[in-house]
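Take a look at the structure below.
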2 protein chains.
Amino acid sequence: MKNRKHSRKREAILGALRSTKTHPSAEWIYAQLKPLYPDLSLGTVYRNLSLFREEGRIISVGTVNGQERFDADTSPHAHFVCDRCGAVIDMDVEFAFDPCKAASAFSEGSIDYCEVVCHGRCHKCIE
Amino acid sequence: MKNRKHSRKREAILGALRSTKTHPSAEWIYAQLKPLYPDLSLGTVYRNLSLFREEGRIISVGTVNGQERFDADTSPHAHFVCDRCGAVIDMDVEFAFDPCKAASAFSEGSIDYCEVVCHGRCHKCIE
DNA sequence: AACAATAATAAGAATTATTACTGTTATTAT
DNA sequence: ATAATAACAGTAATAATTCTTATTATTGTT
C-alpha cells in the first residue's frame with residue numbers, strides 16, 4: 001500500500017505465524033525467531049504484527065491472559081479458548097450460518113467482520 | 001456461596017454495571033462511583049469485577065483498546081464493537097442459532113459459553 | 001453495647017504487555 | 001555510487017492490571 005520496503009525479519013514474522021496453528025502471541029513469535037535472528041527486537045514483532053493486521057493479512061483472535069493472540073488464517077472460522085491453559089484451537093465445526101450475514105439486519109452501524117469464540121476446557125485440562 | 005460479607009461498595013460496583021448498557025471498563029465504573037464513594041479504590045473495582053465474573057454474575061465482553069469491558073447481562077447475546085470509537089453495543093439481532101449448541105459437536109474440549117462479537121463502525125463514526 | 005474474628009478496603013508499589021523514541025543499518029530508486 | 005527513507009535494535013516510557021500491607025468495616029457472639 002505504502003512505500004514499503006522488503007525486510008527479511010518481517011517475512012520471518014509472518015512465516016512464523018503461518019507455520020503454526022496455535023494462534024500465538026507476539027512473545028511466542030519472538031521466542032521462536034530469536035535463535036535464528038539473534039538481534040531481533042520484540043518491538044519489531046509487535047510493529048509488524050500491527051502492520052499485518054492493518055493490511056488484513058492476519059487477524060487478532062483476542063486477548064488471552066492479557067496477551068493478544070494472532071492468526072494467519074483470515075478465512076472466517078470460529079475459535080475455542082481453553083480458560084485453564086490458554087490454548088486457542090480452531091473449530092472445524094461448520095456453523096450453520098454466517099454471522100456477518102445474520103447480522104446484516106443490525107441497524108446501528110456497518111459490520112466488517114465477526115468473531116465467534118467458545119470458552120471451556122481443552123482435552124488435556126479436563127482429565 | 002462463600003463466607004462473603006456484605007459490602008456497600010461491592011453492591012455499588014455491581015449496581016453501576018447493571019445501570020448501563022455501555023459495557024463499561026473498570027476505569028469507567030471507578031470514575032462513576034468515585035464522587036459517591038470518595039475513598040473508593042480502583043483496585044477494589046478490579047477485584048470485585050473479578051469476583052463477579054468468577055461467580056458468573058457478570059461476563060467479560062472482551063478487550064477493547066487494551067481495556068477489558070464488562071456486561072451485567074449474562075444471557076447469551078451478541079455484541080457489536082466500533083473499532084473507531086470503542087463503543088460496545090448489544091445486538092438485538094436474533095441469531096438463528098445457539099453457538100453453544102452448534103459447537104456441541106466440537107470434540108477437542110468441553111464448552112462453557114460462547115461469544116459472538118461483530119466489528120465495524122457505529123453510526124456516529126460513519127458519518 | 002462491647003468484643004473478637006475476619007472479610008473488605010485504600011494506597012501505592014510491582015508487574016506485565018505494548019508503544020514510542022533515537023540513532024543506526026538496510027533497501028530501493030535515482 | 002549515492003541519496004532518500006523505511007526498517008531496525010535497544011531502550012525508555014506508558015498504561016492496564018495485579019499484588020502487598022496496614023487499616024477499616026462487617027458480622028456473630030456475649
Side-chain angles (χ1 to χ4, degrees), chain A residues 1-17 22-55 57-71 81 83 86 88, chain B residues 1-17 22-55 57-71 81 83 86 88:
Chain A
M1 322 256 166
K2 292 290 171 53
N3 300 340
R4 192 147 291 160
K5 293 183 178 177
H6 179 262
S7 151
R8 196 168 297 165
K9 285 169 185 168
R10 179 151 54 217
E11 268 189 358
I13 290 164
L14 186 54
L17 184 58
T22 61
H23 311 83
S25 63
E27 188 80 41
W28 185 93
I29 292 172
Y30 174 73
Q32 291 293 115
L33 295 177
K34 187 69 174 172
L36 294 165
Y37 302 83
D39 63 347
L40 179 67
S41 174
L42 183 56
T44 296
V45 178
Y46 275 107
R47 185 163 34 76
N48 281 295
L49 287 173
S50 290
L51 284 174
F52 294 146
R53 183 179 40 196
E54 284 169 20
E55 294 172 353
R57 303 176 75 181
I58 70 173
I59 59 171
S60 167
V61 180
T63 300
V64 178
N65 291 330
Q67 289 194 150
E68 191 161 18
R69 305 284 286 268
F70 299 91
D71 191 348
V81 174
D83 288 327
V88 179
Chain B
M1 315 215 171
K2 296 288 171 54
N3 299 341
R4 191 146 293 158
K5 291 187 178 177
H6 179 262
S7 151
R8 196 169 298 165
K9 284 168 188 170
R10 179 151 52 221
E11 266 190 359
I13 290 165
L14 186 54
L17 184 58
T22 60
H23 312 84
S25 63
E27 187 80 41
W28 185 93
I29 292 173
Y30 174 73
Q32 291 294 114
L33 295 177
K34 187 67 174 174
L36 294 165
Y37 302 84
D39 60 349
L40 179 68
S41 171
L42 183 56
T44 296
V45 178
Y46 274 108
R47 183 166 39 77
N48 281 296
L49 287 173
S50 290
L51 285 173
F52 293 147
R53 183 178 39 194
E54 283 168 21
E55 294 171 354
R57 303 177 74 183
I58 69 173
I59 58 172
S60 167
V61 180
T63 300
V64 178
N65 292 328
Q67 288 193 154
E68 191 162 18
R69 305 285 285 267
F70 299 90
D71 192 348
V81 174
D83 289 327
V88 179

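Note that the structure is a prediction, hence the values are computed from the model and not measured. Convention: sequence-line order gives letters A, B, ...; per-chain numbering from 1.
Look at A:S7 and you'll find a side-chain N or O under 4.0 angstrom from OP1 or OP2 of D:dC8. Taking side-chain N and O atoms only, A:R47 has no distance below 4.0 Å to OP1 or OP2 of C:dT19. For A:R10 and D:dA7, the shortest distance from a side-chain N or O to OP1 or OP2 is below 4.0 Å. An OP1 or OP2 oxygen of C:dT18 is reached within less than 4.0 angstrom by a side-chain nitrogen or oxygen of A:Y46.
The distance between atom CZ of B:R8 and atom C1' of D:dA25, rounded to the nearest whole Å, is 10 Å. Regarding B:W28, its CH2 atom lies at a distance of 16 Å from the P atom of D:dT17, rounded to whole Å. Look at CD1 on B:I29: it is 11 Å from P on D:dT17, rounded to the nearest Å. To the nearest angstrom, P of D:dT18 lies 13 Å from CG of B:N48. Distance CD (B:E11) to P (D:dT26): 11 Å, rounded to an integer number of Å. The interatomic distance linking B:Y30 (OH) with D:dA16 (P) rounds to 13 Å, in whole Å. Rounded to a whole Å, the NZ atom of B:K9 is 12 Å from the P atom of D:dT24. Protein atom CD of B:Q67 is 18 Å distant from nucleotide atom P of C:dA17, rounded to whole Å.
One distance of note links CD1 of B:I58 with CZ of B:F70; it measures 5.5 Å at 0.5 Å rounding. Rounding to the nearest 0.5 angstrom, the gap separating the CD1 atom in B:I13 from the OG1 atom in B:T44 is 6.5 Å. Once rounded to the nearest 0.5 Å, the distance linking CG of B:L14 with CZ of B:R10 reads 10.0 Å. To the nearest 0.5 Å, atoms OG1 (A:T22) and CZ (A:R69) are separated by 7.0 Å.
The side chain of A:N3 approaches D:dA6 more closely than any other nucleotide in the set D:dG10, D:dA6, D:dT27. Here the nucleotide nearest the side chain of A:L42, chosen from C:dA8, D:dG10, C:dT18, is C:dT18. Picking from D:dC8, D:dA9, D:dA6 the nucleotide with the shortest atom distance to the side chain of A:K5 gives D:dA6. Considering only the side chain of B:S50, D:dT18 comes nearest among C:dA11, D:dA9, D:dT18.
Position along DNA chain C of the nearest nucleotide to B:K34 versus B:H6 favours B:H6 as the more 5'-ward residue.
Using a 4.0 Å heavy-atom criterion, one finds that A:E27 contacts no nucleic acid atom at all.
Looking at A:E68 and A:T63, their side chains never bring a donor and an acceptor atom within 3.5 Å of each other.
Within the shown strands, C:dT6 is the pairing partner of D:dA25 under the Watson-Crick or G-U definition, both distances less than 3.5 Å.
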